Each structure stands twice: as C-alpha cells, then as structure tokens.
Amino acid sequence: MCKLCMQHAACLENRKCMRKTSCIFNETLHAQIEEPTLIILIINKSCSEIINLIVSRMPQQLDVIQKLSAHRGKVWSVNWHPSGKVFASCGEDKTIRIYNQEKDAWVMQAVLSDGHTRTIRDIAFSNCGMFLASASFDATVSIWDKKAGTYECNSTLEGHENEVKSVAWSVSGQFLATCSRDKSVWIWDITANCEEFDCAAVLNLHTQDVKKVVWHPLEDILASSSYDNTIKIYKEDPSDNDWTCTATLTSHSSTVWGITFDKTGKRIASCSDDCTVKIWQQYEVGNAEGISTPDNEPVWKCVCTLSGFHDRSIYDISWCKLTGLIATACGDDHIRIFKEADNSTKNEPIFDLETKILAHKQDVNAVKWNPVIPGLLLSTSDDGDIKIWKFNNL
Amino acid sequence: MLSFIKRFRTESEAERFNAVRSVVVKVDDVVHPSLAEMGYANEEELKFAIYDMLRTIKDPEKPQTLEELNVVSEDMITVKKVENGQVPVVRIEFNPTVPHCSLATLIGLTIRIKIQRQFPQTLKLDIYIKKGTHSTEDEINKQINDRERVSAACDNDNLRKLLESCIKEDD
C-alpha cells in the first residue's frame, strides 16, 4: 500500500465526513503521484465537499532554484556583489565566472581566465561594487575592475610566499586583507580609486597556515582563522597606524576553516575540522556582565558550541545579515541551516538546526547568503556545481 | 498530511503558497549511489577492491611496492557500514617504513590520489599513520587530511610527477 493510500485509509477511519471525497483518489492519480508530494485539500465548512485539490511537490525548507555547472573541477568559492544582483565564482580551473540575473534565471556573463596560473581559491567584491579581488595558489592576488566595460585585471599584488587562501575588503573600502599558507596575514592600504595597494601590515601571529580573513561588518576590524586552531582579531592603532592583534580565540581542537560576523559585528560564528560550530560573543570594556577586559580591549568568549550536527569537517559558514540564519558547508555533502531559538540569550545563545539537505555529490566548499534578498543562498562544491537555494521558512 | 491541510486553510493562502513554488525550477536531486550500484556486494568487497589498488603503489624511493614493504595491509582498511543513501566512509591506516620516515606525507598523498581517481565522487577518505609508528604522526595526519593542502600539492608540477611515478602500474 502506498503512502497516499495509507493516509487515505486513515482519513476514512478518522474523518467519516471525507468519505464522499474518496473518488478523487482514483488509481490514475495514485500512479501519477510520486513521493515526496504534498496534497492540499480545500474543504467546505461542514466538511462534506472538497472545494479544491492541489497536488504539489512536497516543499522543502531549502529548495534549489538553479544549478550552474560551468566550472571544470572543484569550485572553491563564490561571493555576491553588494547589490545582490551579481555573483562571482572561482575554482580549480583557474577561471573566475561572473553571473547575473536575467528574468528568473542566473546567467553567466563573463569568464576571466587570464589572471592566475594556479587554482583560484577565493574571490570578493569591494563594498563599492567596482572591484573584484581574487586570491590564488600561485601566491598572488589580482584586482579586477570594469572601468573599460569588461572586467580587466589592472593590479597584481605580490608578497605572499605561497598559496593565498582568502581575500576580503574592509567595509570602509580603505583596506584589503589577504592570508596564506606562509602563516601571514597582509593588510593592504588602498589609495583613492583603487589605483595602488600599499602594504600596511604583515601580521605573522598565527603559527600555521591561515585559512580565512573576514572583516567586521561596520568597522575596520579584521578576523582571521587558521590551521593552528585559533581565530585572531586585529585592529589599527590610530596613534601610529600600527596593526595589532587584540584577541586570540581558542576553543576549537582542529583547523578553523571559516568565520563569519553577525550583522552587529558583536558575534562571530566559526566552523572547524573538529566538526563543531562555535558562537563567540564580544564583551566590551566595562561590560555589564563583569567580564574582565585586560589591556582595555574587548574580549571574545565562546558562548555556544554546536556539536553532534556535522559528520565531517565544516568548510564554510555564513551568517545572514538580514535574517540571522546561519548556513554551513560540510564535507559530508550537506548544507545545514541553524536558527537562533526564541528563548536564546546574549550570554547563553541557543541555535536550532532548521534544516539539513544533501546538497551536492561531493564536499560542499562554500555557502554565502545574499546581502539583499532574504533567504537566497549560494553553494559550491568539489562536484563542479554552483547551486542557488531558496530558504522557504523565513 | 493533516497538518498541511490545517496550515493552508484558505484558498488564497494555498495560492500564495503555489505562487512561491512556481519560481522553483526542478533540478535533479542529489542521490549517492548505493554499494550495489557501485558494483560491490558489501563493505568487505569494497575493502578488498581498495586494497587491490593500494598494494601496487610503489614506494617513492625504493623499488618495492607498499605491499612488499608492509606499508599497507588489508586489515588496516576499514569501511564504515554504509547506511541507505550514504557515501562509503573509508579509513586507511599505513605503516611508515621507519618511525621518522620523511616520505610519510608523500605516501599518504599517493594513497589518497590513487583512490580518488579510481572512485570519482563516491568515497570519503580518512588516511592516517598507524598509531605509534611515526615520531610526528599527529602533524602528518592533519596535513594529509587537509583537502586544501592536498589540492595545492597536486597543483605542484614536480610533486605531481613524483606522485604519478608512484601510482603508475607496471604492464
């Protein structure tokens, strides 16, 4: 007996009033309906008649809108343009691909293939939307602009000794940060119009490979995560323009692959090879909780650990600035979405797993929430695909 | 099902719901092949197939194979019970030839590359040095299971040539 039949039988037993409607479930309909299916019956007040019947695919909380398979090999990263109407991807095939939305579909607009000689690991659009930076295993960072109508590489930043793993623009547009397997984080000072990039600081504070750099959403404060299991926070000292590390966050027991700020910048979520996600809360100098702040700098405390949800290493994490949802990209090929519970508090936050979906055929490498459209998510994978998702339960 | 009926009480609600659904383009769902679809009757058979691939890998600096040097053996491969719809998770341990073997990283890398090629898309690999057999095993274990470093290593032409020569099968 199929699932539908059983449900129908249950209806007959429990709701005698629906007996009249049994003719709707004829054999043809049975044959046509494949799981997962949603059937909505609209019945009249006295439950004697069906007014309408809607047969639809079962809604998933996370639904794929489109799949893009242009890259050859692993797609390492993807990032939205600040307008939310364009995104760029990069990967093992040494290309950057730019997509924009045409009517209902996302269409590839450009392929940039002459920038790097090895895998392109990460890309990021500047907050002004005029520039795109790409980081490559060839130890360089390229800056692309569209001044001439098409994307052209007009600057190449050299300095790292080996693979550059991540690149990020500061919110003010004044700085660019990069990090590498050479254990260093570089901060580049950008002159007007992005004509020149001067090295403002080389921060050799991690003891291993630096995996990710992410800027604070409102201020020029930088966070980096590493193979040395830590996260570090950096700030510029306005008196002498020196960049210093103001905090080191330790709690993960293996490589920290990804970090993401919430919209206020007072919280960080991190994901790791130890299969956990951690939420960190910033406590300002003179905080009401009475947490000591040595050196007159804010301190960061791990206030929540999400363990037992992920089966393998977690490679990326994205905290949506619009909805507060957290998405993770995992080595078990799944995307998971977490939502803060209603009874969650600042010092003891609670996050519930909203949905978990087998998203790709291989490891999921990156997830990114759209900065303008709530619930729109991008993911990339080793399987060569980029997928665009819509989260339905906002 | 009844809960859905309750949720969409009015026609307009249902219509609104359908309007949302209509923008969703159906894309093939991801389904991992079962062991049977991969051509193996059970986990044990998959394990033997993997061992068959490993045994012929040549040591990077000696003329012998990993089997001849006792670097790999059948009982050091574990295939986790494959539940419905899951990808097989395979753990491979190996014995470095000497406790300070400088080529342990390369051996680990060679094992990974050979199996990844043979099983495109369908395995999750965890490769470890057998506990207590190497002076810096934790360090090496972390390195050979870091997919970013593995990818970067395979991007390197010299290393790639060396890997290929270890993997190459004699006719």
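This is a predicted model, so every value here is computed, not measured. Each chain gets a letter, A, B and so on, in the order its sequence line appears, and its residues count up from 1.
- With values rounded to the nearest 0.5 angstrom, B:Gln86 atom CD is found 9.0 Å from A:Asp332 atom CG.
- A donor-acceptor pair under 3.5 Å is formed between the side chain of A:Arg118 and the backbone N or O of B:Ala152.
- With hydrogens and angles ignored, the 3.5 Å screen pairs a side-chain donor or acceptor of B:Lys142 with a backbone N or O of A:Tyr227.
- Taking the charged nitrogens against the carboxylate oxygens, B:Arg147 and A:Asp273 have no contact shorter than 4.0 Å, which rules out a salt bridge.
- Within the 4.5 angstrom heavy-atom criterion, no atom of A:Ser313 approaches chain B.
- In this structure, chain B has heavy atoms under 4.5 Å from both the backbone and the side chain of A:Asp363.
- Here B:Arg149 contributes atom CZ and A:Thr255 contributes atom OG1; the two are 8.0 Å apart, rounded to the nearest 0.5 Å.
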Does B:Lys124 form a salt bridge (charged side-chain N to carboxylate O under 4.0 Å, His left out) with A:Asp333? I'd like the steps, not just the answer. CA-CA 10 Å; B:Lys124 296 289 175 188; A:Asp333 312 344; 2.5 Å; yes
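- Atom CD of B:Gln64 is surrounded by more than 12 heavy atoms from other residues, nucleotides or ligands within 6.0 Å.
- Ranked by heavy-atom pairs under 4.5 Å with chain B, the first of A:Arg181, A:Glu163, A:Lys165 is A:Lys165.
- Here the NZ atom belonging to A:Lys74 is positioned 3.0 Å from the OG atom belonging to B:Ser151, to the nearest 0.5 angstrom.
- Of the inter-residue distances, the one linking B:His32 atom NE2 with A:His360 atom NE2 reads 11.0 Å to the nearest 0.5 angstrom.
- Using a 4.5 Å cut-off between heavy atoms, A:Ala359 touches chain B through its backbone atoms (N, CA, C, O) alone.
- Taken from CG in B:Asp155 to OG in A:Ser136, the straight-line distance is 8.0 Å, to the nearest 0.5 Å.
- A:Asp209 touches chain B through backbone and side chain together, each having a heavy atom under 4.5 Å away.
- A salt bridge between A:Arg121 and B:Glu148 is present, with a side-chain N of the basic residue lying under 4.0 Å from a carboxylate O of the acidic one.
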Should B:Asp126 and A:Arg312 be marked as a side-chain contact (heavy atoms from CB on, under 4.5 Å) after you check the CA-CA gap, both sets of side-chain angles, and the distance that decides it? CA-CA 10 Å; B:Asp126 296 313; A:Arg312 294 183 70 82; 2.9 Å; yes
